[in-house]
Amino acid sequence: LLRDRDGGLWIGTQSQGIVHVHQGRTDVFAPSDGLTSENVNTIFEDREGNIWVATLNGLDRFHEFAVATFSVNQGLSNATVGSVLATRDGSVWMSTYGGLNRWNNGQITVYRERNQKTITAVREIVGSGLPDRGVESLFEDDRGRVWVATHSQGVGYLENDRFVSSSGIPGGGTLS
């Protein structure tokens, strides 16, 4: 559930898509309306008022009822988006089981685990040092660094497109 800045209520479902209750009416968005999946994982509102909906098949952006879709077809490293972070520089970061994805100025950059080499149609930071593909949680600190918690290898941050591990923090599941 998400209450947006205009007082609207966004409800993510596991089988019916997304429901938007606002100004006395209810709208339902499903794959037939352009939503990437009827199974919704996460709903997030960024500072510009965009509503981001992470589904099992990608990421959808709602802005004044126009839906922008981000999926594997647009360059995401994997269809399942787990965590979404909008940063001060206007980028949107998305964690997937295929790596860390950054959308900025209409382009997706994929950050992958160490020594993984995959050729894709998007800009890719090959071997950027992520300790594993299972990125779970994302956070931006006061210095603008993007912190990443991985599925099994702990926590660190990105600096100059490289992952810097933070010692002393145990691995294991971390959710935002």
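- Put simply, the side chain of Asn78 gets close to the backbone of Thr80: a donor and an acceptor are under 3.5 Å apart.
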Requested in this report: Assess whether side-chain hydrogen bond (donor to acceptor under 3.5 Å, both in side chains) is satisfied between His20 and Asp27, documenting all intermediate values.
Outcome: CA-CA 5 Å; His20 182 212; Asp27 296 310; 4.5 Å; no
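- Of the inter-residue distances, the one linking Met94 atom CE with Leu85 atom CG reads 10.5 Å to the nearest 0.5 angstrom.
- Pairs passing the salt bridge (Lys or Arg N to Asp or Glu O under 4.0 Å) check and including a residue from residues 82-92, sequence neighbours excluded, read Arg88-Glu140, Asp89-Arg102.
- In the hydrophobic clustering, Val19 connects to Leu1, Leu9, Ile11, Val21, Val28, either directly or through intervening members, whenever side-chain heavy atoms lie under 4.5 Å apart.
- Rounding to the nearest 0.5 Å gives a distance of 6.0 Å between CG of Leu158 and CG of Leu100.
- Residues Phe139 and Val155 share a single hydrophobic cluster, defined by chaining ILVMFWY side chains whose heavy atoms lie under 4.5 Å apart.
- Side-chain N or O atoms of Asn101 include one that pairs as donor or acceptor with a backbone N or O of Ser77 at under 3.5 Å.
- The two residues Gly98 and Val110 have their closest heavy-atom pair at O-CG1, 4.4 Å.
- With sequence neighbours excluded, the residues forming a side-chain contact (heavy atoms from CB on, under 4.5 Å) with Asn39 are Gln14, Ser37, Asn41, Leu56, listed by chain and number.
- Going from atom CG of Leu2 over to atom CH2 of Trp10 covers 8.5 Å, rounded to the nearest 0.5 Å.
- Applying the side-chain contact (heavy atoms from CB on, under 4.5 Å) test to Thr42 and every residue at least two apart in sequence or in another chain returns Ala54.
- For Ser71, the side chain to side chain donor-acceptor pair (under 3.5 Å) test picks out Gln74, with sequence neighbours left out.
- Every residue two or more places apart in sequence or in another chain was checked for a ring pair (Phe, Tyr, Trp, His ring centres under 6.0 Å) with Phe44, and none qualifies.
- Of all heavy-atom pairs spanning Leu138 and Trp93, the tightest one is CD1-O, 3.7 Å.
- With sequence neighbours excluded, the residues forming a salt bridge (Lys or Arg N to Asp or Glu O under 4.0 Å) with Asp141 are Arg145, listed by chain and number.
- Of the residues Leu35, Ile43, Asn50, the one that meets the side chain to side chain contact (heavy atoms under 4.5 Å, CB included) test with Phe62 is Leu35.
- Sorted by first and then second residue, the salt bridge (Lys or Arg N to Asp or Glu O under 4.0 Å) pairs involving residues 45-58 (not counting sequence neighbours) are Arg5-Glu45.
- For the side chain to side chain donor-acceptor pair (under 3.5 Å) test, residues two or more places apart in sequence or in another chain that qualify with Thr55 are Thr36.
- Annotation: the span from Leu59 atom CG to Leu76 atom CG amounts to 7.0 Å, rounded to 0.5 Å.
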